[in-house]
Amino acid sequence: MSLPKDGLPAEQVLEEIRALRAADRPTHGGRLFAYVYDPGLDGLDDLAMAAYALSAHVNGLDPTAFPSLLAMENSLVGAAAQLLGGGPDVVGNVTSGGTESLMLAVKAARDGARGVERPRLVVPVTGHAAFAKAAQYLGVALDLVPVSPSTLRPAAADIAAAIGPDTVLVACSAPSYAHGVVDPVAEIAAVSAAAGVRCHVDACFGGWTLPYLRRLGVEVPPFDFAVPGVTSISVDLHKYAYTPKGVSVLLHRDAELRRPQYFAYAGWPGYSMVNPVISSTRSGGPIAAAYAVLRHIGDSGYLALASRTLAAVRELAAAVSAVDGLRLIAPPESTVVCFTTDAFDIFVLADELAARGWHTQPQFAYGELPPSIHLSVTASVAPRVAEFGPDLAAAADAARAAGPVALPEISLDRPLPELLGALGFDSGLPERMAPVNALLNAAPPHMREALLVDFLGHLQRPAL
Ligand SMILES: *Cc1c(COP(=O)(O)O)cnc(C)c1O
């Protein structure tokens with residue numbers, strides 16, 4: 001924008017933002033199955049925003065200048081450690097999100113390993129993409145371990161075989177984001193420990209629900225610090241702790257393991273810098289908001305939210321199984337429902353669901369795994385869930401009647417403007433995403449990556 005010559009009245013500026021927000025997907029109301037995590041609790045947003053405002057200008061750069069932030073961060077870490085079986089030696093930090101937690105787990109492992117010149121990271125292919133990002137940013141080689149196409153879990157023997165003298169970290173998921181499947185953490189941690197290698201459990205998605213699901217009687221395999229050999233765990237508070245965005249926790253079994261996570265530098269004429277996380281200046285807003293949300297919801301509140309979520313998961317899974325031609329990719333064991341079909345086009349189905357007000361997350365084919373639809377289920381879905389079954393059945397009928405989408409007659413290596421025109425992006429997002437998804441799904445991953453980078457680069461241009 002060009003700055004307005006004279007500043008605008010506050011109400012006018014807010015009105016502009018409200019008008020922009022109208023194009024967004026609904027963050028509340030239980031019809032969006034990705035990106036947002038909504039407990040559906042009245043008043044929680046107001047509380048979180050009030051707490052955020054109290055600390056928005058506080059800077060985590062120096063905890064001695066702002067002890068309030070140190071105290072709240074230590075409280076969040078303490079709550080996470082207690083929930084995840086941490087003993088008295090467990091330490092941790094608040095990061096800006098799951099990706100940062102994983103990057104720092106990899107950094108700590110890389111810099112904590114002595115005498116390894118070409119560090120390597122072992123991860124099942126179902127591990128979050130952020131591990132690949134961490135590997136790329138940190139100059140660590142990535143060794144991907146396959147999973148069984150039926151259980152979607154890696155075999156511990158394959159993990160063991162992938163560990164070599166340069167492996168600095170083994171990672172696994174509890175559960176994986178894509179399918180909601182919990183890896184065999186105990187076996188993976190055992191083979192890691194036997195090789196003298198750190199083992200990180202990525203519980204970004206499930207760390208705040210699995211302990212409560214277990215208390216509700218769900219069979220949850222051991223995945224936390226109770227498992228010998230687990231050296232670090234990540235859990236995103238901005239997912240199932242239902243805090244505003246920008247808060248994840250990275251825990252280490254002891255302070256010695258955490259030490260190489262820090263960056264310290266005194267070799268310049270300014271202040272000596274010591275940072276536990278990637279950011280240096282760090283707003284107190286997200287941390288204060290998270291502190292308020294955790295204290296307000298409380299243990300019994302999270303148990304009740306998990307109970308509502310579990311009921312919604314079961315009802316959604318039953319609705320999927322009831323539709324001819326649809327099948328669950330894995331039995332739901334956490335808060336993900338993931339399904340596929342051989343009977344019609346899954347991307348057309350996603351469009352048909354969107355047309356009925358349900359926003360799902362399509363996932364592309366990978367190796368032997370078919371394309372699928374992912375639902376991250378939160379407590380806010382529960383009051384809506386009875387409406388999902390009939391809409392899913394109707395969407396499936398419509399997808400079956402429409403037939404498979406015709407692949408657009410254009411190759412992905414055409415110049416971007418030509419491609420966007422052929423795909424109907426001339427004036428904003430096309431109404432139907434199935435042709436775009438079908439084309440991306442058919443493309444090899446490296447081509448998909450290049451195209452998406454170009455597309456985002458095309459969108460992200462200065463506006464005047
Ligand atoms: C969401 C998620 C991440 C990445 O977290 P961000 O907060 O999006 O950076 C990593 N691992 C798992 C399992 C996740 O669900």
Side-chain angles (χ1 to χ4, degrees), residues 27 32-38 76 80 84 92-107 121 123-138 142 144-145 147 152-154 169-185 188 199-211 213 220-221 223-224 230 232-251 277-279 282-283 286-287 289-290 293 309 313 329-330 332-338 360-361 363 366 372 374-378 456:
T27 55
L32 175 54
F33 290 105
Y35 312 116
V36 301
Y37 298 78
D38 178 15
L76 296 177
L84 295 170
N93 289 97
V94 170
T95 73
S96 64
T99 300
E100 188 179 1
S101 290
L102 299 187
M103 293 183 77
L104 290 170
V106 175
K107 182 206 180 300
L121 164 64
V123 192
V125 292
T126 46
H128 196 279
F131 285 115
K133 181 174 176 179
Q136 192 192 78
Y137 273 44
L138 293 164
L142 191 60
L144 294 177
V145 175
V147 298
L152 302 167
R153 289 183 176 81
L169 182 68
V170 170
C172 54
S173 313
S176 64
Y177 177 82
H179 311 115
V181 168
V182 181
D183 284 336
V185 174
I188 292 173
C199 176
H200 179 80
V201 176
D202 179 6
C204 283
F205 189 82
W208 217 267
T209 46
L210 291 177
L213 293 176
V220 175
F223 72 95
D224 62 16
V230 169
S232 56
I233 305 181
S234 50
V235 54
D236 291 351
L237 303 194
H238 63 202
K239 288 181 180 156
Y240 285 97
Y242 296 115
T243 74
K245 302 231 181 299
V247 190
S248 170
V249 172
L250 172 61
L251 301 170
V277 297
I278 295 177
S279 301
R282 197 155 54 124
S283 170
I287 290 176
V293 166
T309 307
V313 164
I329 288 256
E333 51 185 290
S334 57
T335 56
V336 172
V337 175
C338 180
T360 64
Q361 194 166 48
Q363 300 184 138
Y366 179 87
S372 57
H374 166 107
L375 310 179
S376 283
V377 185
T378 60
L456 216 57

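Please read all numbers here as calculations on a predicted model, not as lab measurements. Counting starts at 1 for both ligands and their atoms, following the listed order.
- Listed by chain and number, the residues in a ring pair (Phe, Tyr, Trp, His ring centres under 6.0 Å) with His128 amount to none (sequence neighbours excluded).
- Sorted by chain and number, the heavy-atom contacts of ligand 1 below 4.0 Å come from Gly97, Gly98, Thr99, Leu102, His128, Pro175, Tyr177, Asp202, Cys204, Phe205, Asp236, His238, Lys239.
- Looking only at atom types and distance, the side chain of Thr309 has no donor-acceptor partner in the side chain of Thr335 under 3.5 Å away.
- Take Ser376 and apply the side chain to side chain donor-acceptor pair (under 3.5 Å) test, not counting sequence neighbours, and it matches His374.
- With values rounded to the nearest 0.5 angstrom, Gln361 atom CD is found 10.0 Å from Cys338 atom SG.
- Salt-bridge formation is not detected for the pair Arg282/Glu100: no Lys NZ or Arg NE/NH1/NH2 atom is positioned less than 4.0 Å from an Asp or Glu carboxylate oxygen.
- Scanning for ring pair (Phe, Tyr, Trp, His ring centres under 6.0 Å) contacts around Phe131 gives an empty result, with sequence neighbours left out.
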